[in-house]
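Here the structure is laid out as structure tokens; the discussion comes afterwards.
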Amino acid sequence: MRWSKALIPTHKEDPADAETVSHRLMLRAGLIRKLTSGVYNYLPLGWRAIRKVEEIVREEMDRAGCQEILMPVVSPAELWQETGRWGIYGKELWRVQDRNGRFFALGPTHEEIVTDIVRNEVRSYRELPFTLYQIQTKFRDELRPRFGVVRAREFIMKDAYSFHRDDDSLDETYRRMCDAYTRIFERLDLTFRPVEAATGAIGGSTSHEFMVLSDTGESEVIVCECGYAATDERAEGTVRPIETGESPLPLERIDTPDMKTIEEVSEFLGIEPWRLVKTIIYEADGRTVAALIRGDREVNEAKLGMALGADLVVPAGAETIEKVTGAPVGFSGPVGLEGVEIIADHTVEPLVNIVVGGNESDVHLKNVNPGRDFRTTEFHDIALIGRGDSCARCGKELDSFRGIEVSQAFKLGTKYSSCMKATFLDEDGVGKPFVMGCYGLGVSRTVAAIIEQHHDDDGIVWPTSAAPFDVEILAVNVKSDDVRQAAEVLYDELQAAGVAVLYDDRDDSPGTKFKDADLVGLPLRVTVGDRSLKRGVVEARVRRTGEQTDVPRDGAAQEIQRMLAALT
RNA sequence: CGGGGCGUGGCGCAGUCCGGUUAGCGCGCCUGCUUUGGGAGCAGGAAGUCGGAGGUUCAAAUCCUCUCGCCCCGACCA
């Protein structure tokens, strides 16, 4: 492609509304443009990178024995109502109506649709197992789109769904899919790590996420030197208990005007946050419950859900909190709290003389003692585990890192097939629900993750596998006949050889073109200028290492192909 | 949704507090000449309903009301 004819709008300055490296560089290098919040145009360079990644994903999916299909973006509400997700998925499900007022969802994921296909078409265990996948635009009306293409409302995803007669078969495919993901991310030169994950809105039993290590990542991963790795939501561990050996003191009421947060109250009283206990009111499948957690800790809602045997646990709204506690948000406490279950974290049990909300506006209680001053329904492990806690497996201290979640795999079991009555006839003549797995991979997000890990101060440094072009030819001065002719010949020869080449034939100053070349970051740059042509050479420069080599003008195309091959 | 901030040529910004010439600056863009190895020089030029609506005023980018959009921090997930 000739740069002079291509839509590659680069910018010298950083865009004002981009925070992360990948977002900034994707805008500056002209890969993407925002249409509206969380919705992006992919310009030629961005789209070529997307397609390179897609192609690798396809190759590995096909190698793993999957079949590519394409399902519609639009699906009828009734299908989502069958599984209950029309309600459960919440506001994130992007709903539209047709001219008759009938409701549809723009697909955020396709379990319902693929299960509908399979229940209509597959009858026998003899047809199992198999895996279907697609690469398609997905829609999720995110609470907060951000970081460009990393968290978009419209994005490109590969989603795969496997169907089995039993768990053993699912386990085998699950492993194979995780292996495929490993190969994909290795081919893309990513530093990544598979970690145990919670199942969230998709559901199912086991799940793993593939995390690309990045400080700008939105996910916190808990790791142990014993090899354990899990998302913070999923991580199991032990919070070190605090025992002071103090004797219980008499309960006191204290005025805490307008102090609603742990920070405010602990600062006001001059005590450590762990001397406070937070009381958080949740709605769990319709029940109202109070969760108690030490002031220096957060509740893990997934764990709380497990403790309660509830599918959906959400923080209660302000009205519910006032109704239950008789006080505005910020002053909830367990003392005298009637009519709700009180679930406390294990670390609350040994505490002595703690501070809690008074269930009365602007009032807290001091020297509260569990057991003496209030009763809990049950003690459970409901704390979010973090760096410094001890590993549930080996007891060593846990560490953490940040990552971008680029893919996730789930063992769904019969979660969808059961409620959608998707069954097959097994060997024993009995109809059974399909055992299912699903495997998502964010394609557009992966491109951003690649840039997060592969850039320098000058711009993107593409790994060859994802680069929009293999080579850039940079003609220093297109007004020079010699330069132009040499560049054109090289351009033709490389293209004829099947090399993807971007030819910077613009009539611009050399500085501009060098800067743009670094910004766009193709693996190999070939500079054609009078200075080197006089010596009968062109200059090849490897973007990643900066290594520069004189290449004789005659036979340059062959030499450049050799260099490219060495880069991959 | 809660908290913070921003909307002024394509991009980055100043001007707004304290209303008052023709709304500026840098980059980019167009034309010409010169230049050509790390974001060139000179000359000329195009391009802005100051996010939108309503209001106050002799006068509004600037003040008031409403509204739309965007970004950042938090609760979500590929």
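Naming convention: chains lettered A, B, ... in sequence-line order (proteins, then strands); numbering from 1 in each chain.
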Do the side chain of [X] and the base of [N] come within less than 3.5 angstrom through a donor-acceptor pair of N or O atoms?
| X | N | result |
| --- | --- | --- |
| A:D516 | B:G39 | yes |
| A:R535 | B:G37 | no |
| A:S37 | B:G69 | no |
| A:R144 | B:G3 | no |

If I take atom [atom1] in residue [X] and atom [atom2] in nucleotide [N], what distance separates them, rounded to the nearest angstrom?
| X | N | atom1 | atom2 | result |
| --- | --- | --- | --- | --- |
| A:E218 | B:G74 | CD | C1' | 12 Å |
| A:K513 | B:G37 | NZ | P | 12 Å |
| A:I280 | B:G74 | CD1 | C1' | 14 Å |
| A:F185 | B:A78 | CZ | P | 13 Å |
| A:F514 | B:G38 | CZ | P | 7 Å |
| A:D507 | B:C33 | CG | P | 12 Å |
| A:E405 | B:A78 | CD | C1' | 6 Å |
| A:D141 | B:C77 | CG | P | 14 Å |

Checklist entry - Which residue lies toward the 5' end of RNA chain B, A:E13 or A:S219, if each is placed at its nearest nucleotide? => result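 Checking each residue's closest nucleotide, the 5'-ward one belongs to A:E13.
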Item to check | Closest-nucleotide ordering on RNA chain B, the 5'-leading residue of A:L35 and A:K479 | outcome: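 Closest to the 5' end, via its nearest nucleotide, is A:K479.
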How would you label the contact of [X] with the nucleic acid (heavy atoms, under 4.0 Å): base, sugar-phosphate, or nothing?
| X | value |
| --- | --- |
| A:R28 | base |
| A:K34 | sugar-phosphate |
| A:R525 | base |

Checklist entry - Would one find more than 12 heavy atoms of other residues, nucleotides or ligands at under 6.0 Å from atom CD of A:E264? => result yes
Both distances under 3.5 Å, Watson-Crick or G-U wobble: report the partner of [N], or none.
| N | value |
| --- | --- |
| B:G48 | none |
| B:G26 | B:C11 |
| B:C63 | B:G55 |

Item to check | Criterion side-chain hydrogen bond (donor to acceptor under 3.5 Å, both in side chains) on A:D362 and A:T256, from CA distance to verdict | outcome: CA-CA 5 Å; A:D362 301 335; A:T256 49; 6.0 Å; no
Checklist entry - Does the side chain of A:Y439 come within less than 4.5 Å of A:Q408's, by heavy atoms? => result no
Checklist entry - Which nucleotide in the set B:C73, B:A78, B:C71 lies at the smallest distance from any side-chain heavy atom of A:F410? => result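 So the nucleotide nearest the side chain must be B:A78.
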Item to check | Of the listed nucleotides B:A78, B:U36, B:C73, the one nearest the side chain of A:F147 | outcome: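 Among the listed nucleotides, the one closest to the side chain of A:F147 is B:C73.
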Checklist entry - For A:S509 and B:A40, is the shortest distance between a side-chain N/O and OP1 or OP2 below 4.0 Å? => result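 For B:A40, OP1/OP2 do have a side-chain N/O of A:S509 under 4.0 Å.
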Checklist entry - Hey, does the side chain of A:R153 reach the backbone of A:S37 with a donor-acceptor pair shorter than 3.5 angstrom? => result yes
Checklist entry - Taking the six-membered ring for Trp, are the ring centroids of A:Y174 and A:H208 within less than 6.0 Å of each other? => result yes
